[in-house]
Student: 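Provided herewith is a single structure, encoded as structure tokens, for subsequent inquiry.
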Amino acid sequence: MAFAEFVAARGDLNTLDQLTACSLFNKVFVANGTIHRVLDFQNVKITYGNLSSTSYGPWTATSATATTITVSGQAGNYADDAMNGMYLYVSGGTGTGEYAYITDFNGTTATFTFGGLSGGTVPDATTAFSVYRKQLPVYGDVLTGATSGARLVVDFITKAAGPGTLYCKKLDTTAVQSGELLVGTSTVSWNSSLGDISFATTSTETAGPHWYEWTSYGDDPYVFGELPDSFYLVAPYSSRLFIAGSSDEPNQWWASKCSNPWMYAIEVNNDLSANYGLAGNLGEAGDLIRALIPVKDDRILLGCANSIRAIVGNPSPYAGGEMNEVDLTHGIWGAKSWCYDGSGSLYYISPVGGLCKMNMVLYTTEVITSATLPKLLSTLNPATHRIELAYESTLEGIWITITDLVNATGSAYFYSIVTGGLFLVVLQDENAVYSAVSFVANDPTKRGVLFGCRDGYVREFKATAKSDDVGSTDAAISASVALPVMALSKVDEEGRMRSITLSTGGGEASGTYTDTDAVTISIYTGDDAEEVAEKIRDAETPDVTGTVTGAGRQLRFRSRARGRYAGIVLSNDAADSSFAINKVVADLEGGEE
């Protein structure tokens, strides 16, 4: 398989911060705190100068506040409310290039009231502006090139006032030309009542893919709803975009209009309406939302810091959807700390329970690693440590990757669903995992988990590889296995391990598998089992060491290790090497094995 960098996105995201992305409507939507982006594979883009057909002004403010502008020379020239719902576009002075949606117009004093200029600037007596009545091309409208005859379906515009960019899907192969009029009639009643759409392009069309800022439609929150300033979570659900993880409202969630990823304003009595956490059956989560987990078309899980909740059914405020409690004991670690296995069970990392498994029929939780991972997790911080899960179908297991975003280092575990074993995988610094994706391919040989790593490479684990890839070079894999600590005598007395016999992997001349490389044997002894285990954990100097080479049953290794307890570690840290063990037999004093 081949990969290519989308250069326009280079340096535009903050990988030291939390980040999620999802695909919907032939686009990828990216949530990265205050950075919100769209990767658009479907549309062509065309620039325009202005979308208006009726204008008033230009005028210069006599006085102004953050939310009002007064033009005393126009007092009494227009009726009250005559310019409600129009746009105020600043063409000079303070606030140049910004705009506002007019919510009220006082004709007696010629005072315009609005929610604030789009860039947050406070206007003053130097602010020059015009007022426009908009016939906006809105999502789903069909436009036709007056000269070329090209037909387009509107998807997104960047600016409702002033110069901007139109993204639209082509209905034929005819190209739009620079300077020609695009005309049409809006399918939305409030918009079509203002008249036909007609505006001039300022460029020819450009084919995708495109990378652009994800904002409210037309950057106009007054008509199309407002996105939170900062959020980290985005997921698809029931032909909608779900958003959560706001820094300002961590318990809140937002859902776009059905089949319209740009509309976040609530439409009265519309079952397809956008929505957000209001009072009632579909309120806020009541807990800090850390993950959005789509289940099927009928529900989405809100993975919270201390609980898991579900939005069931249509999330429109007029369609009867509701929020249910699923688990009030185990929260979830982070945005991608979950995955589904081949049978549809949900695996996730809980800060208090470690690796958990949820039955998606009964919605019951089984804690799998309560005695292992929680101790590790207690030293980590969800704000600075990213934990991702990915299901490996070829190995029937779950990859758990842990990355320190501050120091850019990482480690991994593999949980075998078949055996129940949890295996530590030591990663090279360059291989710290920033994303993990289960890749499903028609060709079984290409299926597996893809890991996006610190150095920009995409990697996979290969059972046949004997060294780690670290870019232009390879690094030796330090592999080891510690066998269970054993007592050297039946009574609490000192005993002796006389010898060890290994049966290593391979050895058949016509065998399929590669013969093992050398195996280093390290034996640790002590007065109790904990002392031996601590020596192994701290990598102290072993009491006895030796090396065996070759495949199959090996000659007896005379250890003569003495103590009450002993532990055996088998290892190989040489470059381009691996080892396999079939059987280990320890001969203890007294004839025991």
Side-chain angles (χ1 to χ4, degrees), residues 25-27 38 40-58 82-89 91 97 99-102 118 129-208 210 212-213 215-225 257 259-263 265 267:
F25 306 124
N26 295 313
K27 304 176 188 67
V38 179
D40 187 339
F41 294 96
Q42 172 181 265
N43 296 314
V44 297
K45 73 174 183 178
I46 305 164
T47 60
Y48 55 84
N50 204 298
L51 298 175
S52 67
S53 60
T54 306
S55 64
Y56 302 89
M83 299 187 194
N84 289 8
M86 299 186 188
Y87 289 83
L88 179 154
Y89 180 72
S91 56
Y99 63 92
Y101 178 77
I102 300 170
S118 57
F129 68 98
S130 297
V131 173
Y132 296 99
R133 170 176 290 182
K134 296 295 179 182
Q135 287 78 52
L136 296 178
V138 297
Y139 182 79
D141 286 348
V142 177
L143 302 179
T144 302
T147 303
S148 65
R151 299 178 69 244
L152 311 161
V153 178
V154 175
D155 193 335
F156 180 68
I157 60 173
T158 59
K159 296 294 180 182
T165 302
L166 166 70
Y167 294 90
C168 47
K169 180 180 178 180
K170 292 178 65 66
L171 293 179
D172 54 37
T173 58
T174 306
V176 173
Q177 301 303 310
S178 178
E180 78 168 308
L181 290 178
L182 294 180
V183 297
T185 300
S186 180
T187 57
V188 181
S189 59
W190 61 263
N191 194 41
S192 61
S193 64
L194 298 176
D196 289 340
I197 302 165
S198 178
F199 63 95
T201 65
T202 56
S203 72
T204 58
E205 65 181 53
T206 304
H210 307 291
Y212 51 90
E213 187 175 2
T215 66
S216 301
Y217 188 86
D219 199 19
D220 184 358
Y222 305 104
V223 174
F224 299 99
K257 183 178 181 179
S259 298
N260 185 343
W262 314 110
M263 183 65 166
E267 298 171 277

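Every heavy atom of this structure was used, including side-chain atoms; hydrogens, water molecules and symmetry mates were not. By convention here, the first residue in the shown sequence is residue 1.
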Student: Quick one: pull up OG1 in Thr215 and CD1 in Ile157 and give me the separation to the nearest 0.5 Å.
Tutor: 9.5 Å
Student: Does a side-chain heavy-atom distance below 4.5 Å link Thr147 with Gln177?
Tutor: no
Student: Taking the side chain as every heavy atom from C-beta outward, state whether Lys257 and Tyr139 have any pair of such atoms under 4.5 Å apart.
Tutor: no
Student: Is there a donor-acceptor pair under 3.5 Å between the side chain of Ser203 and the backbone N or O of Thr47?
Tutor: yes
Student: How about Pro137 and Phe199: do any of their side-chain heavy atoms sit closer than 4.5 Å?
Tutor: yes
Student: Distance check, rounded to the nearest 0.5 Å: Leu182 atom CG versus Thr144 atom OG1?
Tutor: 8.5 Å
Student: Counting C-beta onward and ignoring hydrogens, is there a side-chain heavy-atom pair between Phe224 and Leu136 closer than 4.5 Å?
Tutor: yes
Student: Is there a side-chain contact between Leu166 and Leu143, using heavy atoms and a 4.5 Å cut-off?
Tutor: yes
Student: For Asp172 and Arg151, which heavy atoms make the closest approach, and how far apart are they?
Tutor: OD2-N, 3.2 Å
Student: Looking only at heavy atoms, which two atoms of Tyr89 and Pro163 are closest? And how far apart?
Tutor: OH-CD, 3.5 Å
Student: So which heavy atom on Ser216 is nearest to which on Gly225, and how close?
Tutor: OG-O, 2.7 Å
Student: Main chain of Val44, side chain of Glu205: is a donor-acceptor contact present, judged purely on distance under 3.5 Å?
Tutor: no
Student: Holding to side-chain contact (heavy atoms from CB on, under 4.5 Å), I want the full list of residues that pass it with Ser148, two or more places apart in sequence or in another chain.
Tutor: Ala150, Thr174, Glu180
Student: Over 60° means perpendicular and under 30° means parallel, so tell me whether Phe156 and Tyr217 are parallel, tilted or perpendicular.
Tutor: perpendicular
Student: Do Trp262 and Val38 come within less than 4.5 Å of each other through their side chains, counting heavy atoms only?
Tutor: yes
Student: Check whether any side-chain heavy atom of Pro58 lies under 4.5 Å from a side-chain heavy atom of Phe129, and answer yes or no.
Tutor: no
Student: Any side-chain heavy atom of Asp141 within less than 4.5 Å of one from Ile197?
Tutor: yes
Student: Give the minimum heavy-atom separation between Gly164 and Thr158, together with the two atoms involved.
Tutor: CA-OG1, 3.4 Å
Student: Please work out whether the ring planes of Tyr212 and Tyr167 are parallel, tilted or perpendicular, with thresholds of 30° and 60°.
Tutor: parallel
Student: Apply side-chain contact (heavy atoms from CB on, under 4.5 Å) to Leu171 and Leu152, showing your working.
Tutor: CA-CA 6 Å; Leu171 293 179; Leu152 311 161; over 6 Å; no
Student: Return the set of residues passing side-chain contact (heavy atoms from CB on, under 4.5 Å) with Gln42 (not counting sequence neighbours), or none when no residue passes.
Tutor: Asn26, Lys27, Asp40, Asp155, Lys169
Student: Identify the heavy atoms of Gly218 and Tyr99 that sit nearest to each other, and give their distance.
Tutor: O-OH, 3.0 Å
Student: Rounded to the nearest 0.5 Å, what separation is found between the CD atom of Glu267 and the CG atom of Asn260?
Tutor: 8.0 Å
Student: Suppose we screen for side-chain contact (heavy atoms from CB on, under 4.5 Å). Which residues come up paired with Leu181, at least two apart in sequence or across chains?
Tutor: Ala146, Val183, Ser198, Ala200
Student: So, taking the atom named OG1 in Thr206 and the one named NE2 in His210, what distance separates them when rounded to the nearest 0.5 Å?
Tutor: 6.5 Å
Student: If you take all heavy atoms of Cys168 and Ile46, which pair is closest and at what distance?
Tutor: SG-CD1, 4.1 Å
